[in-house]
J.: 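This is the structure I have questions about; it appears just below.
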Amino acid sequence: MGNIQRFPHSAKAASTNPLKMSQPLGAALAFLGVDRCMPLFHGSQGCTAFGLVLLVRHFREAIPLQTTAMDQVSTILGGYENLEQAVRTIHERNAPALIGVATTGVTETKGEDMAGQYSLFRQRNPALAGLKLVFANTPDFSGGFEDGFSAAVTGIVEEVVQPSDKTVKGQINVLAGCHLSPGDVEELRDIIESFGLSPIFLPDLSLSMSGRQPDDFTATSLGGVTVEQIAAMGASEATLVIGEHMRVAAAALELKTDVRSLFFDRLTGLEASDRLVRTLSELSGRPVPAKLRRQRETLVDGMLDGHFFYSRKRIAVALEPDLLYAVTSFLADMGAEVIAAVSPTQTAVLEKLKAATVMVGDHSDVETLARDADLIVSNSHGRQGAARIGVPLHRMGLPMFDRLGAGLKVHVGYRGTRELLFEIGNLFLSREMDHDEHGHAHGHRHGDGHEHGQHCGSGSCGCSAG
Amino acid sequence: MLQEKLQDVFNEPGCSTNQAKSEKERKKGCSKALKPGAAAGGCAYDGAMIALQPIADAAHLVHGPIACLGNSWDNRGTKSSGSQLYRTGFTTDMSELDIIHGGEKKLYKAIKEIVQQYDPPAVFVYQTCVPAMIGDDIEAVCKFAAKKLGKPVIPVMAPGFVGSKNLGNKLAGETLLDHVIGTVEPEVTTPTDICIVGEYNLAGELWLVKPLLDEIGIRILSCISGDGRYNEVAQAHRARLTMVVCSQALVNVGRKMQERWGIPYFEGSFYGVSDMSDTLRTMARMLVERGADKAIIDRTEGVIAREESRVWRRLEPYKPRFDGKRVLLFTGGVKSWSMVTALEGAGLTIVGTSTKKSTKEDKERIKKMKGEEFHQWDDLKPRDIYRMLRDSEADIMMSGGRSQFIALKAKVPWLDLNQERHTPYAGYDGIVNLCEEIDKTLSNPIWRQVRLAAPWDARPDAKPVGA
């Protein structure tokens with residue numbers, strides 16, 4: 001690996017094909033992992049509409065999301081009235097267990113005093129004392145998706161979790177970062193439960209965002225961790241903290257409850273999974289179940305079979321910071337070279353990345369840095385640039401609107417790591433076979449244009465007929 | 001400035017809703033006040049972007065924090081036959097410091113970068129809520145940039161909080177009138193040049209119409225803005241006739257083009273067989289009135305006769321398949337109506353439609369055609385739609401993407417009528433496409449399967465597979 005180049009910020013004034021998504025959107029996703037919740041954006045109506053469409057396209061699920069519908073007048077004079085009316089309307093119409101309020105650029109630029117508005121609301125609405133209300137400060141103009149997710153989880157912890165004198169044996173908390181898909185959370189639950197432990201996930205997207213078939217129409221989130229479960233987190237034996245961006249929430253939880261935190265920076269990769277399994281075995285005092293032992297064996301076998309195709313492959317990765325860390329680390333584990341790691345925002349985890357270039361940038365930066373790469377790993381927005389430079393794209397992260405089952409992808413634990421290993425490995429493998437075909441084709445038309453379309457995602461990959 | 005513009009748009013006399021209002025009512029504006037906690041839909045910036053982004057060779061730069069573009073780019077199905085620059089998402093991605101110090105310098109730098117790197121014929125700069133709040137003078141920056149860089153740089157003054165998506169459409173239209181239309185002279189004009197307003201070429205719909213116009217001998221001088229090119233839009237003032245496709249969105253453009261350049265306009269639709277034929281007839285007649293060769297009327301009738309007989313012949317096979325099938329239309333009310341006759345002609349029964357965005361006249365027209373007992377809903381709650389579908393009051397719902405899960409969760413077939421869809425429904429061929437899509441989803445074998453009970457709560461009389 002060459003010298004590591006680190007330039008923290010792109011010098012451009014125009015962000016071109018953004019990788020970044022805004023804080024309130026991250027907050028909305030966190031709120032959606034709470035059962036019967038209604039996320040509410042304190043801002044103008046478009047803020048909500050765009051976020052809603054993005055989440056709908058990714059998860060292919062109905063997304064409950066409301067707006068305080070700020071107009072010119074309320075934007076200038078102050079939005080408390082709108083906020084109060086919105087909360088009351090939502091309460092009357094949908095009776096949710098929790099309303100999660102996220103601020104936006106509009107309300108943050110105005111400088112709405114959210115703590116003040118919270119107490120004012122409580123004062124003026126004594127009848128709604130039982131309504132759980134979480135306010136998170138999530139300005140669009142700073143941070144990004146991950147920060148908003150973190151702010152919402154921290155807000156939920158501070159508002160809902162209760163300290164407890166007694167400890168429930170075998171109960172553990174999991175602060176599940178936004179780099180975990182609903183499928184990942186489900187996998188993690190399986191692993192934890194196989195040790196006889198009972199986890200409380202905050203948030204729990206596996207129950208709300210993985211494709212439910214309700215018996216009746218519901219306007220709030222359907223499934224997820226319940227408010228009662230969150231309240232009971234103070235009685236757990238330990239908290240597993242998954243992802244750097246969950247540290248603030250973890251600190252808040254520990255401060256409030258004295259439950260000790262065990263931190264995991266990633267769960268993708270053999271060693272990372274080993275650490276999790278060892279920890280769970282210690283926590284539960286039980287041996288590792290046979291299923292996990294078999295899964296580990298097949299992962300090791302997969303690594304042996306697959307390493308040929310990974311070695312020295314040049315890969316560019318552009319994802320939200322913690323997912324970026326998990327994926328670049330896994331690729332480095334497999335012997336690939338991460339030539340560029342692009343993050344939408346600046347965070348501490350970037351310091352740990354094993355990549356030749358680490359950059360805070362957008363998809364146009366990826367396009368520049370990945371010109372001679374063998375693969376790009378990014379979200380669906382990467383497909384246009386990847387097609388232009390003729391590099392295949394492996395889709396991860398959010399949004400992933402041109403693939404089915406985006407929310408159910410699994411890349412944690414032995415089994416998830418194995419799936420990721422095979423998916424990316426197969427891209428390289430099929431490419432090698434493909435190039436063989438070209439060799440025999442003696443300059444005729446492209447052997448199988450369709451194959452290439454699959455690599456590049458959009459059909460016009462730039463590697464045109466020779 | 002923006003306030004005056006808003007008043008002007010609210011006062012639009014070409015708008016049929018406005019015509020029915022008193023002067024006092026009109027001043028209050030078009031958009032109903034949004035209800036906090038119970039509102040849905042896009043904002044004015046969203047609407048402006050919808051209307052202008054199809055201008056494919058221009059750069060579209062959003063001045064604001066990341067939310068406005070970062071969450072929304074790359075999500076519309078408008079197509080271009082050439083330049084793909086419109087698909088590139090540009091934003092100033094305003095940070096905290098830009099908000100403290102003002103974003104004007106960054107905006108200028110961003111415009112300069114885009115011009116240097118992509119050399120587009122023009123840059124559209126979209127004003128959003130936050131820079132509007134801190135007082136960034138977008139118009140001044142654009143003026144300065146245009147002078148410095150020698151290119152049109154056009155300020156689109158439609159920050160989200162001024163109103164709804166629909167209002168944003170109109171403000172985009174005003175932008176074109178103020179800065180674009182009339183700034184370029186066409187090399188050649190013909191007596192059959194037309195301008196189409198409010199057609200965005202979703203899923204390539206314009207391309208189902210254009211060949212017919214070509215055949216008749218009508219030239220699209222300018223389409224605002226589907227498959228549009230900046231210079232074509234700028235030449236729109238030399239058209240002989242304007243067709244306003246979606247009157248709710250951009251009628252102000254049609255009317256003001258008439259006022260300024262004496263170009264007559266009419267409101268037409270490309271959806272549905274009879275509407276399509278009416279549109280072609282009106283076009284030909286009005287062009288002849290303005291001095292085009294009378295022969296185009298005969299050619300138009302020829303094309304209509306051939307296409308109509310062809311489309312009814314092609315719809316014939318669907319009739320027995322659609323017999324007894326009931327459709328719930330839920331689209332906001334504008335587009336749906338013109339499709340109704342065609343769908344009924346193919347044998348479907350329309351059980352009801354939403355009329356949220358329909359005008360009074362629209363509603364009267366529906367009543368007259370369908371009788372009093374036909375359902376028209378101004379505002380139907382998702383829960384009620386769900387119940388209707390669950391109780392089998394309709395066999396398929398056709399709506400926009402946001403309500404798709406109401407149908408799918410009720411395990412009822414659903415078809416997308418809005419901007420995210422991939423199949424074009426305009427023109428004669430479009431109606432056949434639409435019927436094919438309806439047939440495809442109605443006859444899919446999954447519907448029987450997904451309604452089966454799970455084995456653990458199956459009743460003894462549940463039928464086995466294949467029975």
Side-chain angles (χ1 to χ4, degrees), chain A residues 12-25 40 43-54 56-57 61-62 66-72 75-76 82-83 85-90 93 104-106 109-110 139-142 144 212-214 216-217 219 364 380-381 384 401, chain B residues 33-46 61 64-75 84 87-96 98-99 106-107 109-114 129-130 133-134 160-165 382-383 386-387 401-402 405-406 409-411 420:
Chain A
K12 293 179 302 181
S15 171
T16 307
N17 293 340
L19 178 63
K20 202 201 282 180
M21 296 172 294
S22 71
Q23 280 214 58
L25 189 68
L40 169 66
S44 63
Q45 132 156 293
C47 307
T48 298
F50 290 137
L52 188 108
V53 170
L54 187 135
V56 164
R57 291 174 89 207
E61 285 294 323
Q66 261 304 338
T67 171
T68 59
M70 299 284 282
D71 58 12
Q72 263 170 308
T75 300
I76 293 158
N82 283 52
L83 180 66
Q85 203 196 333
V87 172
R88 295 178 66 113
T89 305
I90 292 169
R93 288 199 175 192
T104 61
V106 174
T109 303
K110 167 71 170 65
D140 292 310
F141 47 74
S142 71
R212 301 292 304 270
Q213 286 293 320
D216 196 5
F217 180 79
S364 76
S380 289
H381 282 316
Q384 292 185 38
F401 45 77
Chain B
L34 304 165
K35 189 168 184 200
C43 59
Y45 150 71
D46 189 11
L61 168 63
I66 194 65
C68 308
L69 182 80
N71 295 347
S72 73
W73 73 286
D74 198 11
N75 73 357
Q84 298 290 318
R87 293 178 65 202
T88 301
F90 296 109
T91 176
T92 50
D93 183 11
M94 291 176 87
S95 68
E96 222 151 0
D98 301 320
I99 284 158
K106 188 178 198 181
L107 175 60
K109 257 189 83 188
I111 297 168
K112 195 168 133 193
E113 277 171 21
I114 291 168
C129 297
V130 169
M133 287 170 75
I134 63 170
F161 54 53
V162 300
S164 66
K165 191 148 84 176
R383 193 184 299 274
Y386 180 85
R387 291 240 169 85
R402 232 198 326 247
F405 298 104
I406 302 173
K409 296 288 175 190
K411 296 171 184 168
E420 287 107 7

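Per chain, numbering begins at 1; letters A, B, ... match sequence-line order. These numbers come from a predicted model, not from an experiment.
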J.: Quick one: what part of B:Tyr386 sits under 4.5 Å from any heavy atom of chain A, side chain, backbone, both or neither?
T.: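 The side chain, not the backbone.
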
J.: Does any N or O in the side chain of A:Asn82 come within less than 3.5 Å of the main-chain N or O of A:Thr68, such that one atom is a donor and the other an acceptor?
T.: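 Yes; judged by distance alone, with no hydrogens or angles, the pair exists.
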
J.: Using every non-hydrogen atom in the two residues, find where A:Ala13 and B:Ala110 come nearest and quote the distance to one decimal.
T.: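 Residues A:Ala13 and B:Ala110, closest heavy atoms: CB-N, 3.6 Å.
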
J.: What are the two closest heavy atoms between B:Ser72 and A:Phe50, and how far apart are they?
T.: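 In terms of heavy atoms, the two residues are closest at CB-CD2, 3.2 Å.
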
J.: Does any heavy atom of chain B fall under 4.5 Å from the side chain of A:Met70, the backbone, both, or neither of them?
T.: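 Backbone only.
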
J.: Out of A:Gly51, A:Ser15, A:Ser364, which one racks up the most heavy-atom pairs below 4.5 Å with chain B?
T.: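 Max contact count across the listed options: A:Ser15.
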
J.: Between A:Gln85, A:Met21, A:Lys20, which residue shows the highest count of heavy-atom pairs closer than 4.5 Å to chain B?
T.: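 Among the listed options, the one with the most contacts to chain B is A:Lys20.
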
J.: Could you tell me which portion of A:Leu83 (side chain, backbone, both or neither) has an atom closer than 4.5 angstrom to a non-hydrogen atom of chain B?
T.: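 Neither part.
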
J.: Heavy-atom distance under 4.5 Å to chain B: side chain of A:Thr48, backbone, both or neither?
T.: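 When you check distances to chain B, no heavy atom of A:Thr48 falls under 4.5 Å.
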
J.: A:Phe401 versus B:Asn75: any side-chain heavy-atom pair under 4.5 Å?
T.: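 A:Phe401 vs B:Asn75: side chains apart.
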
J.: Quick one: closest heavy-atom pair of B:Val130 and A:Val106, and the distance?
T.: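 Minimum heavy-atom separation between B:Val130 and A:Val106: CG2-N, 4.0 Å.
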
J.: Can you tell me which of B:Cys129, B:Gly160, B:Pro382 forms the most heavy-atom pairs within a distance under 4.5 Å of chain A?
T.: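 Looking at each option in turn, the highest pair count goes to B:Pro382.
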
J.: Below 4.5 Å, heavy-atom pairs only: which of A:Gln213, A:His381, A:Gln23 has the largest tally toward chain B?
T.: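 Ranked by contacts with chain B, first place is A:His381.
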
J.: So do A:Val56 and B:Phe405 actually touch side chain to side chain, heavy atoms under 4.5 Å?
T.: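 B:Phe405 reaches A:Val56 side chain to side chain.
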
J.: With a 4.5 Å heavy-atom cut-off, do B:Ile66 and A:Pro18 have their side chains touching?
T.: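 Side-chain contact under 4.5 Å: yes.
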
J.: Quick check for you: among A:Ala62, A:Ala49, A:Pro24, A:Ala69, which has the greatest number of heavy-atom pairs under 4.5 Å with chain B?
T.: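 It is A:Ala62.
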
J.: Chain A: which of B:Lys106, B:Gln84, B:Glu113, B:Arg383 shares the most heavy-atom pairs with it under 4.5 Å?
T.: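 Most heavy-atom pairs under 4.5 Å with chain A: B:Glu113.
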
J.: Check each atom of B:Glu96 against the heavy atoms of chain A and say whether the ones under 4.5 Å are side chain, backbone, both or neither.
T.: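 Looking at B:Glu96, backbone and side chain both touch chain A.
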
J.: Measuring heavy-atom distances to chain A, does B:Tyr45 have an atom under 4.5 Å in its side chain, in its backbone, in both, or in neither?
T.: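 For B:Tyr45, the side chain is the part near chain A, not the backbone.
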
J.: Is it the backbone or the side chain of B:Ile114 that comes under 4.5 Å from a heavy atom of chain A, or both, or neither?
T.: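 The side chain, not the backbone.
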
J.: Where is the tightest heavy-atom contact between A:Gln45 and B:Gly41, given as atom of each residue plus distance?
T.: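 Result for this residue pair: CG-O, 3.0 Å.
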
J.: Given heavy-atom pairs under 4.5 angstrom as the criterion, report whether the side chain, backbone, both or neither of A:Ser22 touches chain B.
T.: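 Both parts, heavy atoms under 4.5 Å.
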
J.: Counting only heavy atoms closer than 4.5 Å, note whether B:Arg387 contacts chain A via side chain, backbone, both or neither.
T.: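 Contact with chain A involves the side chain of B:Arg387 alone.
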
J.: Counting only N and O atoms by type, is there a donor-acceptor contact under 3.5 Å from the side chain of A:Asp71 to the main-chain atoms of B:Phe161?
T.: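 No, because the side chain of A:Asp71 does not come within donor-acceptor range (under 3.5 Å) of the backbone of B:Phe161.
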
J.: Should the pair B:Lys409-A:Glu61 be classified as a salt bridge under the 4.0 Å nitrogen-to-oxygen rule?
T.: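 Salt bridge flag = yes for A:Glu61 with B:Lys409.
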
J.: Is B:Lys411 close to chain A through its backbone or its side chain, or both, or neither, when contacts mean heavy atoms under 4.5 Å?
T.: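 Just the side chain, heavy atoms under 4.5 Å.
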
J.: Need one label for B:Met133: side chain, backbone, both or neither, based on atoms under 4.5 Å from any heavy atom in chain A.
T.: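 For B:Met133, the side chain is the part near chain A, not the backbone.
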
J.: Quick one: does B:Thr92's side chain get under 4.5 Å of B:Asp98's, heavy atoms only?
T.: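 No, too far: nothing below the 4.5 Å cut-off.
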
